[in-house]
Asker: 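What follows is a structure written as structure tokens; I'll ask about it next.
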Amino acid sequence: MRIPKNRLAVLREHIKAESTHDMEALLEGMTADCFNDVCCVPKPFVGPKKVAERYRKHWAGFPDFKVRVKRFLAADDKCIVTENEWSGTHRGTFLGLRSTGKRVRVRALVVWHFRGNKLWGETVFFDMGSIQRQIGAKVAVAARRRSHSD
């Protein structure tokens with residue numbers, strides 16, 4: 001698997017901007033029609049304003065958020081796939097989960113989409129159940145209704 005040096009540089013700068021919460025640098029490396037598609041969120045964040053909103057919410061939930069690439073899994077002329085790990089302390093609301101002050105470490109799979117020499121977007125997969133377990137969230141499950149045949 002050969003990954004062009006310029007793409008690696010764009011990816012490194014983006015990850016650095018994510019981890020340092022540098023919105024200007026983060027968006028500067030992305031296309032004007034950028035997107036961020038997070039698997040456990042109903043619809044993608046499309047465009048710089050929405051992508052910025054997604055990151056602001058993530059950083060508010062985990063003010064000490066840091067991400068690192070653990071390994072490169074695949075690459076072609078339009079995408080790079082990485083196994084990442086992000087960590088942070090849950091100090092604000094994140095995807096509807098109120099702050100617990102607990103530290104989390106989350107494994108993620110990320111498909112990085114490129115257009116030319118810029119990052120077009122990310123498709124991010126992570127296990128929300130793992131986050132809920134680490135912060136001690138209680139998940140309410142509706143009681144099963146009994147049918148007449150029970």
Side-chain angles (χ1 to χ4, degrees), residues 1-140:
M1 165 177 56
R2 188 182 130 334
I3 302 172
K5 286 183 182 179
N6 62 334
R7 291 243 169 109
L8 278 176
V10 168
L11 191 57
R12 283 191 181 106
E13 286 302 311
H14 184 85
I15 290 169
K16 178 181 174 186
E18 279 189 53
S19 293
T20 60
H21 306 195
D22 184 344
M23 188 67 74
E24 186 177 333
L26 188 142
L27 293 174
E28 186 178 303
M30 299 185 83
T31 63
D33 61 341
C34 60
F35 72 90
N36 201 285
D37 188 4
V38 180
C39 66
C40 56
V41 175
K43 62 183 195 174
F45 299 88
V46 178
K49 286 182 183 178
K50 290 293 185 180
V51 168
E53 173 188 318
R54 180 264 196 222
Y55 278 106
R56 279 191 201 94
K57 287 180 178 181
H58 198 117
W59 297 337
F62 296 92
D64 57 347
F65 171 83
K66 299 274 188 266
V67 65
R68 72 182 180 100
V69 172
K70 290 182 73 172
R71 63 187 173 141
F72 291 87
L73 301 172
D76 67 15
D77 60 332
K78 294 183 182 172
C79 297
I80 297 173
V81 181
T82 60
E83 177 186 349
N84 293 2
E85 180 179 81
W86 63 265
S87 61
T89 308
H90 187 217
R91 299 215 183 273
T93 301
F94 178 72
L95 296 177
L97 300 170
R98 289 185 306 236
S99 172
T100 62
K102 297 203 175 168
R103 186 123 179 99
V104 301
R105 193 168 294 281
V106 180
R107 291 173 40 199
L109 183 78
V110 181
V111 180
W112 306 90
H113 307 268
F114 288 86
R115 278 211 181 139
N117 290 325
K118 288 204 165 202
L119 182 61
W120 178 31
E122 300 173 59
T123 304
V124 183
F125 301 89
F126 61 85
D127 181 5
M128 190 63 182
S130 171
I131 294 172
Q132 291 169 318
R133 182 181 42 74
Q134 291 179 65
I135 67 170
K138 302 283 188 234
V139 179

Asker: Out of curiosity, Tyr55 OH to Leu27 CG, how far, rounded to the nearest 0.5 Å?
Answerer: 9.0 Å
Asker: Just verifying a value: how many Å separate Phe94 CZ and Ile131 CD1, rounded to the nearest 0.5 Å?
Answerer: 5.0 Å
Asker: Take Asp22 and Thr20 through the side chain to side chain donor-acceptor pair (under 3.5 Å) test and state the conclusion after the steps.
Answerer: CA-CA 5 Å; Asp22 184 344; Thr20 60; 4.9 Å; no
Asker: Evaluate whether atom CG of Asn117 has more than 12 neighbouring non-hydrogen atoms of other residues, nucleotides or ligands under 6.0 angstrom away.
Answerer: no
Asker: With Trp112 as reference, evaluate Lys78, Arg7, His14 under the side-chain contact (heavy atoms from CB on, under 4.5 Å) test and give the passing residue.
Answerer: His14
Asker: Phe126 and Arg107: which non-hydrogen atoms are nearest, and at how many Å?
Answerer: CB-O, 3.5 Å
Asker: May I have the step-by-step check of side-chain contact (heavy atoms from CB on, under 4.5 Å) for Trp120 and Asp33, ending in yes or no?
Answerer: CA-CA 7 Å; Trp120 178 31; Asp33 61 341; 3.6 Å; yes
Asker: State, with a plain yes or no, whether a side-chain heavy atom of Phe35 is found less than 4.5 Å away from one of Thr123.
Answerer: yes
Asker: Does the side chain of Trp86 reach to within under 4.5 Å of the side chain of Val104, using non-hydrogen atoms?
Answerer: yes
Asker: Which distance, rounded to the nearest 0.5 Å, do you find between the OG1 of Thr93 and the CZ of Arg98?
Answerer: 8.0 Å
Asker: Are more than 12 heavy atoms, taken from residues, nucleotides or ligands other than Lys66, located less than 6.0 Å from that residue's NZ atom?
Answerer: yes
Asker: Is any side-chain heavy atom of Gln132 closer than 4.5 Å to a side-chain heavy atom of Leu97?
Answerer: yes
Asker: Is the shortest side-chain heavy-atom distance between Thr82 and Arg71 below 4.5 Å?
Answerer: no
Asker: Of the non-hydrogen atoms in Gly101 and Thr89, which two are nearest, and what is the gap between them?
Answerer: O-CG2, 3.4 Å
Asker: For the NE2 atom of His113 and the CG atom of Asp37, what is their distance to the nearest 0.5 Å?
Answerer: 7.5 Å
Asker: Could you go step by step and tell me if Arg91 and Ser99 meet the side chain to side chain donor-acceptor pair (under 3.5 Å) rule?
Answerer: CA-CA 5 Å; Arg91 299 215 183 273; Ser99 172; over 6 Å; no
Asker: Please round to the nearest 0.5 Å and tell me the distance separating atom CZ of Arg68 and atom OG of Ser87.
Answerer: 8.5 Å
Asker: Just wondering, do Val111 and Glu122 contact through their side chains at under 4.5 Å, heavy atoms?
Answerer: no
Asker: Would you call Phe72 and Leu11 a side-chain contact if the rule is heavy atoms closer than 4.5 Å?
Answerer: yes
Asker: Hydrogens and angles aside, do His90 and Thr100 bring a side-chain donor and acceptor to less than 3.5 Å of each other?
Answerer: yes
Asker: Enter the distance from Phe125:CZ to Cys40:SG here, rounded to the nearest 0.5 Å.
Answerer: 11.0 Å
Asker: Under the salt bridge (Lys or Arg N to Asp or Glu O under 4.0 Å) rule, collect the residues that match up with Arg2, sequence neighbours excluded.
Answerer: none
Asker: Check whether any side-chain heavy atom of Leu119 lies under 4.5 Å from a side-chain heavy atom of Thr31, and answer yes or no.
Answerer: no
Asker: Would you say the side chain of Arg105 lies within less than 4.5 Å of the side chain of Gln134, judging by non-hydrogen atoms?
Answerer: yes
Asker: Between Lys57 and Glu53, is a salt bridge (charged side-chain N to carboxylate O under 4.0 Å, His left out) present by the stated rule, with each step listed?
Answerer: CA-CA 6 Å; Lys57 287 180 178 181; Glu53 173 188 318; 3.3 Å; yes
